[in-house]
Amino acid sequence: HKSGWYAGAWSSNTEFGGDGNSMEFDPYIGFSSAVADTNWRYDLGYWHYHFPGAQSDLDYGEFYGTASYGPDGVNASFSVFYADDFFGSDFFGEGSSVAFHGKFIYSLANDVTLSARVGRQTFDEPAALIDQNYTYYDIGVSKRWIGLTLDLRWHDTVGVKSDYVAGSLADGRLVARVSRGF
């Protein structure tokens with residue numbers, strides 16, 4: 001909305017949470033605005049992660065804040081995320097988490113954009129699960145085309161332990177995405 005308030009929902013299929021869970025559904029709400037007549041912006045919000053059908057309690061909420069600076073064609077941002085009960089009470093035993101990342105976006109001609117992000121996920125871990133912190137990153141290119149955004153991006157992590165994610169789920173992946181904003 002032109003006032004700066006926004007709301008939405010995001011959804012995807014999943015492969016965790018036990019029998020009966022095959023999706024994630026995440027509503028969110030927030031406020032974003034420019035800082036006076038500068039190239040600075042901020043964004044504050046809340047995101048709720050919901051796993052309908054999961055046998056375990058994996059639902060949780062996360063607060064976030066982002067500060068960004070962006071003259072024409074370039075944008076750099078820093079974000080912080082806080083969850084009091086990361087992945088619900090059945091995952092880390094009600095442990096909190098803080099994640100932070102930096103992101104850089106560079107716009108080229110013909111509605112093509114290059115971007116990269118690097119971040120760190122940290123946990124207030126129970127004694128049974130230690131050293132679960134990890135680094136994540138992605139790099140990619142996107143193109144706006146007939147009202148859609150086409151994105152091709154490499155996602156990867158460093159330091160994910162098997163207590164957090166089993167098998168190859170933390171391995172790097174090339175992801176293609178098509179999105180449309182309203």
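By convention here, the first residue in the shown sequence is residue 1. All values reported here derive from a predicted model rather than from experimental measurement.
Hydrophobic clustering of Ile, Leu, Val, Met, Phe, Trp and Tyr side chains at less than 4.5 Å, counting indirect connections, keeps Val178 apart from Val175. Follow the hydrophobic side-chain contacts under 4.5 Å out from Phe78 and you never reach Leu44; the two are in separate clusters. Transitive grouping of hydrophobic side chains (ILVMFWY, heavy atoms separated by less than 4.5 Å) brings Trp47 and Phe81 into a common cluster. Residue Leu174 is grouped with residue Val118 when hydrophobic side chains (ILVMFWY) are merged at heavy-atom distances under 4.5 angstrom, including chains of intermediate members.
Phe63 meets the ring pair (Phe, Tyr, Trp, His ring centres under 6.0 Å) test with Tyr46; sequence neighbours excluded. Under the rule for a side chain to side chain contact (heavy atoms under 4.5 Å, CB included), the partners of Ala83 that lie at least two apart in sequence or sit in another chain are Tyr60, Glu62, Phe86, Ser97. Residues passing the ring pair (Phe, Tyr, Trp, His ring centres under 6.0 Å) test with Phe100, sequence neighbours excluded: none. Partners of Ser179 by side chain to side chain contact (heavy atoms under 4.5 Å, CB included), not counting sequence neighbours, listed by chain and number: Thr149. Shown here are the side chain to side chain donor-acceptor pair (under 3.5 Å) partners of Arg144, two or more places apart in sequence or in another chain: there are none.
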Only distances under 3.5 Å count here; give the side-chain donor-acceptor pairs of residues 102-116 to other protein atoms, sequence neighbours excluded, each with its distance to 0.1 Å.
residue, atom, partner, partner atom, Å
Ser115, OG, Arg153, NH1, 3.0
Ser115, OG, Arg153, NH2, 2.8

Cut-off 3.5 Å, no hydrogens considered: what does the side-chain donor-acceptor table look like for residues 30-37, sequence neighbours left out?
residue, atom, partner, partner atom, Å
Ser32, OG, Arg41, NH2, 3.2
Ser32, OG, Tyr42, O, 3.2

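Summarising the local packing, CH2 of Trp154 is surrounded by more than 12 heavy atoms from other residues, nucleotides or ligands at distances under 6.0 Å.
Atom CZ of residue Arg177 and atom CG of residue Leu150 lie 10.5 Å apart, to the nearest 0.5 angstrom. Atoms CG and CD1, on Leu152 and Ile139 in that order, are 11.5 Å from each other to the nearest 0.5 Å. Here the OH atom belonging to Tyr136 is positioned 12.0 Å from the NE2 atom belonging to His155, to the nearest 0.5 angstrom. Once rounded to the nearest 0.5 Å, the distance linking OG1 of Thr157 with OH of Tyr137 reads 8.0 Å.
Taking both residues in full, the closest heavy atoms of Asp26 and His50 are given as OD1-N, 3.3 Å, listed atom of the first, atom of the second, then distance.
Under the 4.5 Å side-chain criterion, counting only non-hydrogen atoms from C-beta, Asp151 is not in contact with Val141.
Sequence neighbours left out, the pairs with a member in residues 63-77 that pass side chain to side chain donor-acceptor pair (under 3.5 Å) are Tyr6-Tyr64, Thr66-Ser79.
Between the Arg173 side chain and the Asp156 main chain, no donor and acceptor come within less than 3.5 Å of each other.
With hydrogens and angles left out, the side-chain atoms of Asp84 and Tyr82 include a donor and acceptor closer than 3.5 Å.
Listed by chain and number, the hydrophobic cluster partners of Phe25 are Met23, where partners are ILVMFWY side chains within reach of under 4.5 Å, directly or through others.
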Residue pair Trp10, Glu24: steps toward the side-chain contact (heavy atoms from CB on, under 4.5 Å) verdict: CA-CA 8 Å; Trp10 180 90; Glu24 176 179 344; 3.7 Å; yes

